[in-house]
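Below, each value reflects all heavy atoms present in this structure, side chains not excepted, and no hydrogens, waters or symmetry copies. Remember, it's 1-based here, ligands and their atoms both numbered in the order they're listed. Computed from a prediction, not measured in an experiment: that's the story for all the values here.
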Amino acid sequence: MFNRYRIISICLALVALVSCTAVPTDNSSPAPQTPAPQVSAKMESADEIKLRIGPGDPVAGKSKAEMCFGCHGEDGNSTDPETPKLTGQYGSYITKQVRDYLSGLLTHQTMGPMAVNVDDEDLYDISAYFASQPMMKGAAPSNNKLGKHLFENDDLPRMMVSCKSCHGITGKGLAPGNPVYPVIGGQHRDYLLGQMLKFRKGIRNNSTGGVMNTTVHSLSDAELEALADYVSGL
Ligand code: HEC
Ligand code: HEC
C-alpha cells in the first residue's frame, strides 16, 4: 500500500510539474497558446527554441560566458567526461543549477566556487547562450539493450517511473517550454553515471520532490552503467 501511495504521489507531482511550469517571457514575445508537443531536437520551431533559451539574451551571454569556456567548452561541448555538456541544455535549468551551487544545495570543489562569480542578469544571459547552441548529441548510438529497456519502461514495484516519461524518449527533455527535466540524451557517460550515483547515495538532493532519488534508489551499479551507456548515445 505504501509503495502504491508513493507511486501515485510521484505521478501526481509529475503531472503538476508538467502542467504548471512556465518560463518567463518578455512582453515583446507572446507565449504560444497551445502546449508544444514532445519534440526531438531536429524539429524545434523558432518558438520552441525561444522557450528553451529562457529569459536571457544569448548574444550578450557569449562574452559573459567566457569564464565558463575553459571547462565547459566554447560552444558548451566540454571535452572532459566528468564536466557536463551545456550545449542545448534548457536555459532555466542551467540557471537553477548554478543557483543551487551558490546556495550550497549542490556542492563541487571546482564548480562551487565558480557560481559565486555570476550575478543574476549575467547568469540569465550566460544560460541563454549555452541553451541557444545546437542540442547535445552522443558520438554514436549505444546498443545497450538493458539501458534502453530501463529507460523506456516503468518498474513500479521498485518505484521506478520510466526515464522517458520525464526526460522524453530521446532524452532531450519533455517539452520545449518545460525546463524542469534537463536534457540528458547525448550527455557524457561518466558525468551521467556520476550524477545517478550521487542521487542514489543521497549526495545530490535537488530534484523536485526528490524524484531522482526515488527513481534510482533500487537500481544496481550494473543497471546505472547500462543507463549511462544508453543515454549518452542518444
Ligand atoms: C573549473 C572548471 C569549471 C568552470 C570554470 C565552470 N564549471 Fe560548471 N561545472 C564544472 C564541473 C566539473 C561540473 C560538474 C559538477 C558535478 O559533478 O557536480 C560543472 C557543472 C555545471 C552545471 C550543472 C550542469 C548539469 O547538467 O546539471 C552547470 C549548469 C554549470 N556547471 C554551469 C557553469 C557556468 C555557467 C560556468 C561559468 C560561469 C561554469 N559552469 C564554470 C566545472 C566548471
Ligand atoms: C518523475 C520525473 C523523473 C523521472 C521518472 C526521471 N527523472 Fe531524471 N531528473 C528529473 C528532474 C526533475 C531532474 C532535475 C533535477 C534538478 O533540478 O537538478 C532530473 C535530473 C536527472 C539527471 C541529472 C542531469 C544533469 O545534467 O545533471 C540525470 C542523469 C537523470 N535525471 C537521469 C534519469 C534517468 C536515467 C532516469 C530513469 C532511470 C530518470 N532520470 C528518471 C526527473 C525525473
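Listed by number with element, the atoms of ligand 2 under 4.0 Å from a non-hydrogen atom of V211 are 1 (C), 42 (C). With ligand atoms numbered from 1 in the order given, ligand 2 contributes 29 (C) to contacts under 4.0 Å with heavy atoms of L192. Within ligand 2, counting atoms from 1 as listed, the ones closer than 4.0 Å to a heavy atom of L227 are 38 (C). With ligand atoms numbered from 1 in the order given, ligand 2 contributes 35 (C) to contacts under 4.0 Å with heavy atoms of M196.
Distance check for C163 against atom 8 (Fe) of ligand 2: none of its N/O/S atoms falls below 2.8 Å.
Ligand 2 is approached by T215 to a heavy-atom distance shorter than 4.0 Å. No heavy atom of L150 sits closer than 4.0 Å to any atom of ligand 2. Remark: distances from the non-hydrogen atoms of Y191 to ligand 1 include one below 4.0 Å. The shell of residues lying under 4.0 angstrom from ligand 2, judged by heavy atoms, includes S162. Assignment of Q97 to the shell around ligand 2 is supported, since a heavy atom sits closer than 4.0 Å.
Considering both main-chain and side-chain atoms, Q195 never comes within under 3.5 Å of ligand 2 through any nitrogen or oxygen pair. Between R204 and ligand 1, no pair of N/O atoms sits closer than 3.5 Å. No N or O atom of T107 sits closer than 3.5 Å to an N or O atom of ligand 1. Residue K96 has at least one N or O atom closer than 3.5 Å to an N or O atom of ligand 2.
Inside a sphere of radius 2.8 Å centred on atom 8 (Fe) of ligand 1, the protein N/O/S atoms present are H72 NE2, M111 SD.
Residue contacts with ligand 2, taken as heavy atom pairs separated by less than 4.0 Å, do not involve F151 at all. The backbone and the side chain of N206 each have at least one atom closer than 4.0 Å to an atom of ligand 2 (non-hydrogen atoms only).
For the ring-ring contact (aromatic ring centres under 6.0 Å, His included) test, no residue two or more places apart in sequence or in another chain qualifies with Y90.
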